[in-house]
Amino acid sequence: MATSQYETYDGIFRFYTEEPVANHIFDKEINPLGVQEIGIPVGKKSHPNILEYKYNLDALFQEFENEEKYEKDINLAVAWEVGDNWRKNYEITSLLDLDNLHHRHFHGITHLISSQTSTFYLIILGELLEYLNDVDNAQAYHQAQYSEEMFRE
């Protein structure tokens with residue numbers, strides 16, 4: 001599978017889980033990016049998924065508005081930071097908030113972003129580094145930043 005930087009989307013990937021399953025299971029000390037339950041059967045590959053890379057998700061939202069890209073096509077976006085414009089049309093569930101761990105179906109996913117029409121996965125690298133450096137102290141930030149009260153403002 002391959003894409004070109006000159007085409008619409010940045011990449012194609014598949015989720016794949018292999019033995020030993022214990023390597024995928026969450027443990028706050030030794031595997032803080034793990035899952036409670038495996039998202040796809042062990043040894044099976046997912047269908048091809050679309051990947052986007054951005055420094056800041058605001059650029060991706062602009063591409064959606066310009067109809068250069070379509071949010072329903074995206075399965076995973078990897079970015080350094082979320083940006084500021086997501087609150088206009090999206091809700092984000094932080095999977096780095098341990099209360100939301102049950103929503104993480106694939107190892108390493110940090111957030112889910114949803115609009116009225118679609119949902120896709122995020123890996124937000126800046127927040128991921130903070131979380132890996134101190135899982136416990138990252139909790140307050142993620143609970144405050146992505147709480148439902150924030151969506152009502």
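Any value given below was found using the heavy atoms of this structure, including those in side chains, with hydrogens, waters and symmetry copies removed.
Atom CD of Glu37 has 12 or fewer heavy atoms from other residues, nucleotides or ligands within 6.0 Å.
Under a 3.5 Å cut-off, the side chain of Asn133 and the backbone N or O of Leu129 do form a donor-acceptor pair. For Gln139 (side chain) and Leu96 (main-chain N/O), a donor-acceptor pair under 3.5 Å exists by modelled atom type. For Asp27 (side chain) and Ile30 (main-chain N/O), a donor-acceptor pair under 3.5 Å exists by modelled atom type. In terms of modelled atom types and a separation under 3.5 Å, the side chain of Glu52 and the main chain of Ala77 share no donor-acceptor contact. Between the Thr110 side chain and the Ile124 main chain, a donor and an acceptor come within less than 3.5 Å of each other. Between the side chain of Asn56 and the main chain of Lys54, no donor-acceptor pair closer than 3.5 Å is present. No donor-acceptor pair closer than 3.5 Å links the side chain of Arg14 to the backbone N or O of Lys45. A distance-only check finds no donor-acceptor pair linking the side chain of Asp58 to the backbone of Gly83 [under 3.5 Å].
Across all non-hydrogen atoms, the minimal contact from Pro32 to Leu132 is CG-CD2, 3.7 Å. For the pair Tyr131 and Arg104, the tightest heavy-atom approach, listed with the atom from each and the gap, is OH-NH2, 4.1 Å. Taking each heavy atom of Ser94 and Asn100 in turn, the nearest pair found is O-ND2, 3.0 Å. Here the closest heavy-atom approach between residue Leu51 and residue Phe13 is recorded as CB-CD2, 3.8 Å.
Ile50 is listed as a side-chain neighbour of Asn75, based on a closest heavy-atom distance under 4.5 Å. Residues Val82 and Ile92 meet the side-chain proximity criterion, which asks for heavy atoms closer than 4.5 Å. Contact check for Leu76 versus Asn49: no side-chain heavy atoms found under the 4.5 Å cut-off. Two residues are said to be in side-chain contact when any heavy atoms from C-beta on lie closer than 4.5 Å; His142 and Leu95 fail this criterion. The shortest side-chain heavy-atom distance between Glu81 and Glu127 does not fall under the 4.5 Å cut-off.
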**OP:** Decide yes or no on side chain to side chain contact (heavy atoms under 4.5 Å, CB included) for Leu33 and Ile109, but give the supporting numbers first.
**Re:** CA-CA 7 Å; Leu33 293 176; Ile109 301 298; over 6 Å; no

**OP:** Go through the steps to decide whether Asn137 and Glu130 satisfy the test side chain to side chain contact (heavy atoms under 4.5 Å, CB included), and finish with yes or no.
**Re:** CA-CA 9 Å; Asn137 281 334; Glu130 294 293 325; over 6 Å; no

Original post:
Passes side chain to side chain contact (heavy atoms under 4.5 Å, CB included), Leu98 versus Val135? Steps please.
Top reply: CA-CA 9 Å; Leu98 297 181; Val135 172; 4.0 Å; yes

**OP:** Give the C-alpha distance, both sets of side-chain angles, the deciding distance and a yes or no for side chain to side chain contact (heavy atoms under 4.5 Å, CB included) between Asp99 and Leu101.
**Re:** CA-CA 6 Å; Asp99 290 340; Leu101 182 61; over 6 Å; no

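Linking Ile, Leu, Val, Met, Phe, Trp and Tyr residues whenever their side-chain heavy atoms come within less than 4.5 Å places Ile12 and Phe120 in a single cluster. Note: the hydrophobic cluster containing Tyr55 also contains Ile123 (ILVMFWY, side chain heavy atoms under 4.5 Å, direct or indirect links).
Separation of the Trp86 and Tyr146 ring centroids falls under the 6.0 Å cut-off. Phe15 and Tyr121 have their aromatic ring centers within a separation under 6.0 angstrom.
Between the CD atom in Glu63 and the NZ atom in Lys69 there is a gap of 4.0 Å [rounded to 0.5 Å]. Taking CZ of Phe64 as the start and CG of Asn89 as the end, the distance is 10.5 Å to the nearest 0.5 Å. To the nearest 0.5 angstrom, Tyr53 atom OH is 13.5 Å from Leu60 atom CG. Between atom OG1 of residue Thr17 and atom NE2 of residue His105 there is a gap of 12.0 Å, rounded to the nearest 0.5 Å. A distance of 8.5 Å separates OG1 in Thr8 from OH in Tyr70, rounded to the nearest 0.5 Å.
Taking the salt bridge (Lys or Arg N to Asp or Glu O under 4.0 Å) definition, one finds that Asp134 meets it with nothing, sequence neighbours left out. Every side-chain contact (heavy atoms from CB on, under 4.5 Å) that Ser115 has, sequence neighbours left out, goes to Glu71, Tyr90, Thr117, Ser118.
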Donor-acceptor pairs under 3.5 Å, side chain of residues 19-26 to any protein atom, not counting sequence neighbours: which ones?
unit_1	atom_1	unit_2	atom_2	d
Glu19	OE1	Val21	N	3.3
His24	NE2	Glu18	O	3.0

